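Take a look at the structure below.
All values reported here derive from a predicted model rather than from experimental measurement. Heads up: numbering here begins at 1 and tracks the sequence.
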Amino acid sequence: MKRIRDYGIIPGKMKTGPLNKISDVKGVTVGHVTVDTDEHKTGVTVILPCEDNPFTNKLTAAVYVHNGFGKSQGLIQIEELGTLETPIALTNTLNIGAVHDALTGIMIKRCEEEGVELTSVNPVIGECNDSELNYIRERVIGVKEVVEAAASATADFQEGAVGAGKGTVCFGLKGGIGSASRTFTIGNDSYTMGVLVQSNFGSTENLVINGRTVGQEIMDQIDPAILDRGSIMIILATDLPVSDRQLKRILKRAGVGLGRTGSYMGHGSGDIMIGFTTANRILEGKELHSICMLKESTLETAFRAAAEATEEAVLNSLAMAETTTGYQGNTRYSLTELWLSKL
């Protein structure tokens, strides 16, 4: 499958990183495990935010919940303390508990190996409901799958109908995992911002690509359009020297990217953004921390990067996902089959 730029569609004007993925932020990697049977189209995606131990060297982090129809875990501690101390895992709605348990086990093992006492930890898990294509009540994601996903994490990871995106539906089409990045300068310094999405939202008629009302063009080729519901998880990574408050300001602009694709963040859609920066690490054992913060007005460029990268990540999730038939014979067609291949 091709990414959206391979069809001549260029969302925004800012430069991308080398891979045009969230992993263009140094140290960030992503791994998937996919379950693909007649009844199960689901999986888990794990985002590793750094190469070292995030529990002992926490990352400055933030959360923004645009619409809270979701079951994510670990958000309130990020909101309270402004730090991330584990990888971030994405899965389906009914597997949240099992993935939470698995991430806890991963962190306990790593800390034991490093001689670090761990008596409390805040695993962060996001979810989308993939029950249209997946027999979700048979919760097939457990410890084995999460451990394998984390162990397989790499910079040049797959997109589309893989991992946590295997059974998702976006704008009535086959959704999935998508990613994009932007590079830019502020003053004399260069920075990177990357976004990864698990797309499972939107109604067909509202899909917009580069200002073109694509959804209305393809409605007659598929089943009646669904309402704007389902959810999207947006993970944003950067190396900007910002505070958790500034990071939350940046996260809010991911909603601009969603709007450009046609989402109006409907009642039944959980639109949740989780962000972290690899700058301003919070080291275990230190009582006084010094951080570097950008001037507020310089965040303008970061706002634009967040909007552009989110828009392109959503479009990549659609472009890279193949037509899928899942639970009870339900089929969701790919954007490539219905529209992109005809360009």
Side-chain angles (χ1 to χ4, degrees), residues 1-6 11-12 14-34 43-55 57-61 84-91 103 106-107 110 124-126 145-166 176-184 189-199 233-240 247 250 254 273-281 302 305-306 308-317 319-321:
M1 304 293 287
K2 298 178 180 178
R3 305 180 88 199
I4 198 68
R5 287 178 178 249
D6 296 323
M14 298 180 71
K15 292 181 180 179
T16 73
L19 294 174
N20 195 14
K21 296 181 180 181
I22 192 172
S23 49
D24 286 326
V25 178
K26 186 178 179 180
V28 178
T29 54
V30 176
H32 307 292
V33 164
T34 304
V44 60
T45 295
V46 177
I47 300 97
L48 302 184
C50 54
E51 295 176 352
D52 58 340
N53 190 338
F55 184 78
N57 297 294
K58 294 174 175 54
L59 296 96
T60 296
L84 174 70
E85 61 186 23
T86 73
I88 300 170
L90 305 176
T91 189
L103 268 190
I106 287 173
M107 296 309 300
R110 179 160 193 178
V124 179
I125 304 97
E145 288 76 19
V146 179
V147 170
E148 184 180 335
S152 68
T154 183
D156 197 9
F157 55 91
Q158 286 183 286
E159 297 170 277
V162 296
K166 181 60 185 178
I177 300 295
S179 194
S181 70
R182 295 294 184 269
T183 60
F184 49 92
D189 297 312
S190 298
Y191 300 104
T192 301
M193 182 178 297
V195 168
L196 179 144
V197 302
Q198 177 191 17
S199 68
M233 293 300 309
I234 300 173
I235 311 302
L236 183 149
T238 186
D239 53 10
L240 282 167
L247 189 56
I250 295 168
M273 299 91 168
I274 303 169
F276 61 88
T277 176
T278 57
N280 291 332
R281 301 291 295 273
E308 284 195 12
T310 300
E311 177 188 13
E312 185 165 0
V314 171
L315 296 181
N316 277 333
S317 77
M320 292 293 287

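- You'll find the side chain of L90 reaches within 4.5 Å of the side chain of L196, heavy atoms only.
- With a 4.5 Å cut-off on side-chain heavy atoms, L84 and I274 do not count as touching.
- Aromatic ring orientation, F184 versus Y191: tilted (interplanar angle from 30° to 60°).
- For the side-chain contact (heavy atoms from CB on, under 4.5 Å) criterion with C50, the lone passing option out of V28, L59, T278 is L59.
- Counting heavy atoms from C-beta outward, R281 and D52 have side chains that approach closer than 4.5 Å.
- For the pair R5 and E312, the salt-bridge criterion is met [side-chain N within less than 4.0 Å of a carboxylate O].
- The nearest pair of heavy atoms linking M14 to E308 is N-OE1, 3.1 Å.
- Between V25 and G194, the shortest heavy-atom contact is CG2-N, 3.8 Å.
- In this structure, the side chain of E145 does not engage the main chain of G43 through any donor-acceptor pair within 3.5 Å.
- For R3 (side chain) and S179 (main-chain N/O), a donor-acceptor pair under 3.5 Å exists by modelled atom type.
- L240 is listed as a side-chain neighbour of M193, based on a closest heavy-atom distance under 4.5 Å.
- A side-chain contact (heavy atoms from CB on, under 4.5 Å) with F276 holds for exactly one of L236, T238, I235; it is I235.
- Between the side chain of T29 and the backbone N or O of P49, no donor-acceptor pair lies under 3.5 Å.
- Remark: the D24 side chain and the S181 side chain contain an N/O donor-acceptor pair separated by less than 3.5 Å.
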